[in-house]
Amino acid sequence: MGATDHEVERDREERNEGEEQGREGGGMGERDVEKGEAVDGGGGDGDGDGDGGEHGREFHMSMMQRLNPTNPLRIHVISQVPSRAATPSPAQPPLQPRSTPTPQELSPVCVQQQSLITLNSRKYTNKMSLFLFCLHFVLAIGLVGFLVFKGVQGLIQASDRVKRKEMRVLKFFLPQVEAASLLSITLAFAWQKAFRVWPNFMVHFIMWCSFLTSLSAGILLICFQKASTDGVGVCLMGFAIGNGLYACWVTQRIGFCTKVLVKSLEPVSKFPDLNQPTYWMLGVGFLWMSLWIIAVLGALNFYFPPLTIIALVLSLAWTAEVQRNVVNLTVSRVISLYYLRGMQSSTKFCFQRALTKNLGSACLGSLFVPAIEALRIVARGLNLLEGEDEFMFSCAHCCLNVMQFIFSCGNGWAFVQIAAYGKGFVKASKDTWSLFKSQEMEEIVDSDITSSICFLTGVCSGSICVIMVAAWTFKVHQPFTATISLLAFFIGYLMTRIAMALPHACVSCYYVCYAENPDNRLFDKTIKDRQSLIKSGRDVVVPTPRVPRRFTT
């Protein structure tokens, strides 16, 4: 018994001595990961065997949990700085050759290093899309400049008939459109500020305000009793009816949408300059819109005016959508780095990155995401078909298969990973959708109505612009009423969508970053509670735009 007690006491002394050596080495192992310094993740003995090595790993993991309160990326790690040569004891087994670790077996330090390298990716994404957009923009600038020259030339050197025509357009067309641009910018900032201050109220307000404003604009145009205004008015009234039905249909989802919106807007207050990219994009958009309107004036004095104006409209739509996604990428990078790494990122540098490194993804996403969203609405309608017509079922089955592939390769959630990790649009879409699948969040993100709320906010601004300019134009020059009404609606919608990119990006970051790390202390139990309700059958979600299980089994 005495010998046994003596051996136990000796083992305890050796273990304590190993712990003291680990603490001495830990002081020399502090590294600043944010500055890119190498981090040595070793601890204890080199082979990690025995009680001392196992305890060293446990101590290493506990130190990994302790982040610097002023800089979360500064991690205190235990270095392998042995004070003396390690001599294996006779009781220990011989050292075995260590195999190459798989990605699943990498230590948290290695994962942290790889993530930090990915966060600072220097490559340009979707270079072909970037080239096409730059080529399109150069051609657009050339066309607008040429048409502005033609408009000025028509006012100076053209015949009296052409001069009278252009002067009439300049007098009764340009002021209303400029006023619609200024009104739309004002409304854009007002809506965004209201969403940030009263998110709970604004979700309900916009849902029904868009219905009332579009219905009012349609009734006003019909009251003018002209064929052109009647056509535009009927379209607005038809949209208003659909808007009202949609508002009734999604009533059960408004509560969860409001919770997520309130929670996702909380980090915005930590970044006072987060709205500066929106200011820049709206300012550039207003200047470009002014030149664009003068170019439309010159198109009337050029060959094929209708085709030229259609080309200008398409170019303006793509450019405005790219501007919106630049704001989206900027906000997404700032907020996602806050969620994923606790970093206080510079909005200025994130804005520069969105305008350079990630601009190609913004251009590609600007082309496909609106089309995908429109197809998503069609897919939802097809997925609700429940009948006995085999032909309709086969068509719905085919369309839903196509939509399942499209959603996995291109979706609006991809902008978060594009901004955070510098991925291409398609890869970011696939990775994001895989994250949602792994966390069983597909039903939740499919039933999210944030994008619909942002869309209806743009519709609301466009309808208000229509009411103002339609009444003004009908008073001064009735033949331009329908044309200016359509243009005012288009301008109001585009400008408001640029401003609403900020709350939309915050919500997207909340979902995507939660899917990547659900245990983050910055997230509450909102999504987990929602998942529990869905699994228990106490919460009903709308059918998703994917192939039902009865077709896949």
Side-chain angles (χ1 to χ4, degrees), residues 144 147 151 154 161-162 164-185 187 209-244 285-286 288-317 320 455-456 458-497:
V144 168
L147 292 177
R161 183 181 63 84
V162 175
R164 286 195 301 269
K165 181 181 178 181
E166 292 196 3
M167 285 299 297
R168 186 168 63 250
V169 173
L170 191 63
K171 182 178 180 181
F172 301 116
F173 186 90
L174 185 62
Q176 290 91 317
V177 178
E178 290 287 347
S181 301
L182 291 174
L183 178 60
S184 63
I185 292 176
L187 290 172
C209 183
S210 58
F211 165 73
L212 294 176
T213 54
S214 57
L215 183 64
S216 302
I219 293 174
L220 177 64
L221 292 175
I222 291 177
C223 290
F224 293 151
Q225 296 182 355
K226 297 178 66 68
S228 56
T229 56
D230 288 347
V232 179
V234 169
C235 292
L236 285 175
M237 290 186 65
F239 178 83
I241 294 173
N243 187 6
F286 177 76
W288 179 249
M289 192 76 65
S290 302
L291 292 176
W292 185 86
I293 295 168
I294 300 175
V296 171
L297 178 66
L300 301 176
N301 194 26
F302 192 58
Y303 301 104
F304 309 109
L307 295 178
T308 305
I309 293 175
I310 290 174
L312 289 173
V313 169
L314 294 177
S315 173
L316 179 64
F455 170 77
L456 293 177
V459 170
C460 189
S461 294
S463 300
I464 294 174
C465 292
V466 168
I467 294 173
M468 183 197 72
V469 302
W472 182 2
T473 308
F474 187 79
K475 182 68 176 179
V476 298
H477 195 72
Q478 296 183 9
F480 288 166
T481 304
T483 304
I484 292 183
S485 298
L486 285 174
L487 187 57
F489 182 87
F490 187 58
I491 293 172
Y493 172 79
L494 291 180
M495 292 296 176
T496 303
R497 288 306 304 270

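Counting heavy atoms from C-beta outward, Ile294 and Leu170 have side chains that stay 4.5 Å or more apart. A heavy-atom distance below 4.5 Å is found between the side chains of Met289 and Met495.
Closest approach of Ile464 to Thr213, counting heavy atoms only: CG1-CG2, 4.1 Å. Contact between Ala179 and Trp472 at its shortest, heavy atoms only, is CB-CZ3, 3.6 Å.
With rounding to the nearest 0.5 Å, the separation of CG in Leu316 from CD1 in Ile309 is 13.0 Å. With rounding to the nearest 0.5 angstrom, the CZ atom of Phe173 is 10.5 Å from the CD atom of Glu178.
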Inset, instruction - Apply side chain to side chain contact (heavy atoms under 4.5 Å, CB included) to Val177 and Trp292, showing your working. - result: CA-CA 11 Å; Val177 178; Trp292 185 86; 5.8 Å; no

Inset, instruction - For side chain to side chain contact (heavy atoms under 4.5 Å, CB included), just list the numbers for Gln176 and Val476, CA-CA rounded to whole Å, side-chain angles, deciding distance to a tenth of an Å, and then say yes or no. - result: CA-CA 10 Å; Gln176 290 91 317; Val476 298; 3.6 Å; yes

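Every residue two or more places apart in sequence or in another chain was checked for a side-chain hydrogen bond (donor to acceptor under 3.5 Å, both in side chains) with Ser463, and none qualifies. Under the ring-ring contact (aromatic ring centres under 6.0 Å, His included) criterion, Trp288 pairs with Phe137, not counting sequence neighbours. Thr496 is linked by a side-chain contact (heavy atoms from CB on, under 4.5 Å) to Ala188, Trp191, Thr457, Ser461, Met500, counting only residues two or more places apart in sequence or in another chain.
Between the side chain of Ser184 and the backbone N or O of Ser181, at least one donor-acceptor pair lies under 3.5 Å.
Each side-chain hydrogen bond (donor to acceptor under 3.5 Å, both in side chains) pair with one or both residues in residues 235-244, not counting sequence neighbours, appears once here: Ser210-Asn243. Applying the side-chain hydrogen bond (donor to acceptor under 3.5 Å, both in side chains) rule to pairs touching residues 305-316 yields His136-Ser315, sequence neighbours excluded.
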Show me the side-chain donor-acceptor pairs of residues 478-494 shorter than 3.5 Å, one per line, residues at least two apart or across chains.
{"residue": "Thr481", "atom": "OG1", "partner": "Gln478", "partner atom": "O", "Å": "2.8"}
{"residue": "Ser485", "atom": "OG", "partner": "Thr481", "partner atom": "O", "Å": "2.6"}
{"residue": "Tyr493", "atom": "OH", "partner": "Arg497", "partner atom": "NH1", "Å": "2.9"}

Can I get a per-line list of side-chain donor-acceptor pairs under 3.5 Å for residues 216-240, giving both atom names and the distance, sequence neighbours left out?
{"residue": "Ser216", "atom": "OG", "partner": "Leu212", "partner atom": "O", "Å": "2.7"}
{"residue": "Thr229", "atom": "OG1", "partner": "Leu221", "partner atom": "O", "Å": "3.3"}
{"residue": "Thr229", "atom": "OG1", "partner": "Lys226", "partner atom": "N", "Å": "3.4"}
{"residue": "Thr229", "atom": "OG1", "partner": "Lys226", "partner atom": "O", "Å": "3.0"}

